[in-house]
Amino acid sequence: MRAGEFRGGMPASVAVLGSTGSVGRQTLEVAAHHRLRVDLLTAHRNTNLIEEQARAFSPRYVVLTDEEAARDLKTRLADTSVKVLAGDAGSAEAIAASDAEVFVNSVLGEAGLMPTLRVIETGRRLALANKESLVVAGEIVMRRAKETGCELIPVDSEHSAIFQCLHGGDQREVKRILLTASGGPFYGYTRERLAHVTAADTLAHPTWKMGAKITVDSATLMNKGFEVIEAAHLFGVPAERITVLVHPESIIHSAVEYIDNTVLAELSKPDMRACVQYALTYPARVAGLTEPLDLFAQGRLTFGEPDDEAFPLLSLAKKAYRAGGGMPAVLNAANEVAVAAFLDGKIPFLGISDTVSEVYASFGRETKAETLDEILALDREARVRAQKLLTKA
């Protein structure tokens, strides 16, 4: 298939990068429901689950970035025709060789950046669920996608909603984007109260079922800060025209306000499978797995403002976007280290924002970075500084 040939409807084949994560698993539910051929699966090291997936979908390629796990998986799948590849080189080889019409990138964290760039080089459609690709290197990603003709369709529920609402007018007519946030499990908490929350409290998201990392990010509002950066890159709207609106029911997934003060919103039950399916089939719509929205049963919808004092990472993300260069990468790297420390029980909940803020401030003035190598160098340095800070603590 030639690059850019797919024009929507149900794709003949898909690739799922990060297939053992939450979004990856839901993507495979969609693929199974529509009997799509899955050509490629990738994961880090969850050999038990990816073996099950490989046997269920019979892809041509499976990649584990952990080389020891890949050797184990190769032995397990020796009775099949699946080609098992390992490491970063294996990922690059499989993406280049895959005949998938749509690649879904649901790899967690900064590790998803290189797969994003490799898919872009194929010119195929990229259904992007890895927000860090745009947080860390948004200008590079969007520029290269334009150059190669790669159609980049967002999978995040909020950005999928915005993408759909933008079809209601011209880009020049957009007044602002209303980016909704559930508020996480601690909406309304003060910093004093947040000092006593546990990891179990944090992982009990009231609306969405997600992986641990993104659930913690939702609780700190770091995830929403990343989504502001993501939306700015995806839709060409400056961060100053993106308003975060806390909406605990998570029925309105985001909205676009136009210059005539008309607001177009996308409403649906909170279910990532709908976002995945739309990214696969756009501009067509097909019947899917999600429940219909019953507004009578839903009752009222409520809205509020985020608390920047209790949850400072949202404001810090906006600051990083305005600073540009490598500062969003610094923010993301420090956050990944801090969240891992929190989940390991090494720091309290407030230690996440304290660590990220201190690492960010340690870089002083705006850090310039234009090339991918420069951005990744800052990413590595931020991780080193975060680890040193946590070691002292």
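The residues of the chain are indexed from 1 along the displayed sequence.
- Look at Arg37 and Asp99 and you find a salt bridge, because one of the NZ, NE, NH1 or NH2 atoms lies within 4.0 Å of a carboxylate O, short of that distance.
- Heavy-atom minimum distance, Ala317 versus Leu331: CA-CD2, 3.6 Å.
- Glu51 and Arg55 are joined by a salt bridge, as a carboxylate oxygen and a charged side-chain nitrogen come within less than 4.0 angstrom of each other.
- If you check the side chains of Arg76 and Asn48, you find a donor sitting under 3.5 Å from an acceptor.
- In the hydrophobic cluster analysis, where Ile, Leu, Val, Met, Phe, Trp and Tyr join through side-chain heavy atoms closer than 4.5 angstrom, Phe57 is grouped together with Val30.
- In summary, Arg172 and Asp170 engage in a salt bridge, as defined by a charged side-chain N under 4.0 Å from a carboxylate O.
- Hydrophobic clustering of Ile, Leu, Val, Met, Phe, Trp and Tyr side chains at less than 4.5 Å, counting indirect connections, unites Ile95 with Val141.
- Ring geometry for Phe349 versus Phe186: interplanar angle over 60°, hence perpendicular rather than tilted (30 to 60°).
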Derivation and outcome, salt bridge (charged side-chain N to carboxylate O under 4.0 Å, His left out), residues Arg124 and Glu151: CA-CA 7 Å; Arg124 311 280 177 79; Glu151 191 177 25; over 6 Å; no
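- Linking ILVMFWY residues whenever their side-chain heavy atoms come closer than 4.5 Å, directly or via other members, places Ile347 and Leu221 in the same cluster.
- Of the listed residues (Glu227, Glu305, Lys224), just one forms a side chain to side chain contact (heavy atoms under 4.5 Å, CB included) with Val244, and that residue is Lys224.
- Separation of the Tyr282 and Phe163 ring centroids falls under the 6.0 Å cut-off.
- Side-chain atoms of Leu49 and Arg25, non-hydrogen and from C-beta on, do get closer than 4.5 Å to each other.
- Taking both residues in full, the closest heavy atoms of Val14 and Leu36 are given as CG1-CD1, 4.2 Å, listed atom of the first, atom of the second, then distance.
- Looking only at atom types and distance, the side chain of Thr371 has no donor-acceptor partner in the side chain of Asp373 under 3.5 Å away.
- Linking Ile, Leu, Val, Met, Phe, Trp and Tyr residues whenever their side-chain heavy atoms come within less than 4.5 Å places Leu28 and Val286 in a single cluster.
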Give the intermediate values and the outcome of side-chain hydrogen bond (donor to acceptor under 3.5 Å, both in side chains) for residues Thr75 and Asp72. CA-CA 5 Å; Thr75 300; Asp72 178 26; 5.6 Å; no
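- A salt bridge links Glu121 with Arg144; the closest basic N to acidic carboxylate O contact falls under 4.0 Å.
- When the side chains of ILVMFWY residues are joined at heavy-atom separations under 4.5 Å, either directly or via intervening members, Val256 and Leu245 end up in two distinct hydrophobic clusters.
- Contact annotation: the side chain of Leu113 approaches that of Leu372 to within less than 4.5 Å [non-hydrogen atoms, C-beta and beyond].
- Using modelled atom types and a 3.5 Å distance limit, the side chains of Ser182 and His247 yield no donor-acceptor pair.
- With rounding to the nearest 0.5 angstrom, the CG atom of Asp39 is 3.5 Å from the OG atom of Ser98.
- In this structure, the separation between CG on Leu314 and OG on Ser353 is 12.5 Å, given to the nearest 0.5 Å.
- Using a cut-off of 4.0 Å between Lys/Arg side-chain N and Asp/Glu carboxylate O, Glu67 and Lys74 are scored as not salt-bridged.
- Under a 4.0 Å N-O distance rule, the pair Asp88/Arg118 qualifies as a salt bridge.
- The shortest distance between side-chain heavy atoms of Tyr258 and Lys175 does not fall below 4.5 Å.
- Put simply, the side chain of Val155 does not reach to within 4.5 Å of the side chain of Ser106, judged on heavy atoms.
- Residues Thr215 and Thr202 fail the side-chain proximity criterion, which asks for heavy atoms closer than 4.5 Å.
- Side-chain atoms of Gln387 and Thr391 form no donor-acceptor pair, as typed in the model, at a separation below 3.5 Å.
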Would you please test Ser362 and Glu358 for side-chain hydrogen bond (donor to acceptor under 3.5 Å, both in side chains) and show each step? CA-CA 6 Å; Ser362 74; Glu358 189 167 344; over 6 Å; no
Derivation and outcome, side-chain hydrogen bond (donor to acceptor under 3.5 Å, both in side chains), residues Asn332 and Asp379: CA-CA 8 Å; Asn332 175 72; Asp379 173 281; 4.5 Å; no
With side-chain hydrogen bond (donor to acceptor under 3.5 Å, both in side chains) as the criterion, how do Glu158 and Ser160 come out once you've worked through the C-alpha distance, each side chain's angles and the decisive distance to 0.1 Å? CA-CA 5 Å; Glu158 296 84 356; Ser160 176; over 6 Å; no
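- Nearest heavy atom pair, residue Ala97 against residue Tyr61, reads CB-OH, 3.5 Å.
- Ion pairing between Arg125 and Glu101 fails under the 4.0 Å rule for side-chain N and carboxylate O.
- Residues His34 and Gln277 have side chains that bring a donor and an acceptor to within less than 3.5 angstrom of each other.
- Ile162 and Ser254 make their closest contact through CG1-CB, 3.6 Å (heavy atoms, listed as atom of the first residue, atom of the second, distance).
- The two residues Ser133 and Gly112 have their closest heavy-atom pair at OG-O, 3.4 Å.
- A cation-pi arrangement, defined by a distance under 6.0 Å to the six-membered ring centre and an angle within 45 degrees of its axis, is present between Arg385 and Phe363.
- Defined by atom type and a distance below 3.5 Å, a donor-acceptor pair is present between the side-chain atoms of Glu249 and Thr302.
- The pair Arg383-Glu336 meets the salt-bridge criterion, since a charged nitrogen lies less than 4.0 angstrom from a carboxylate oxygen.
- The NE2 atom of His233 sits 14.0 Å away from the NZ atom of Lys131 when rounded to the nearest 0.5 Å.
- Between Ser218 and Asn223, the closest heavy-atom pair is N-CB, 3.8 Å.
- Counting only heavy atoms from C-beta outward, the side chains of Leu267 and Leu295 approach each other to under 4.5 Å.
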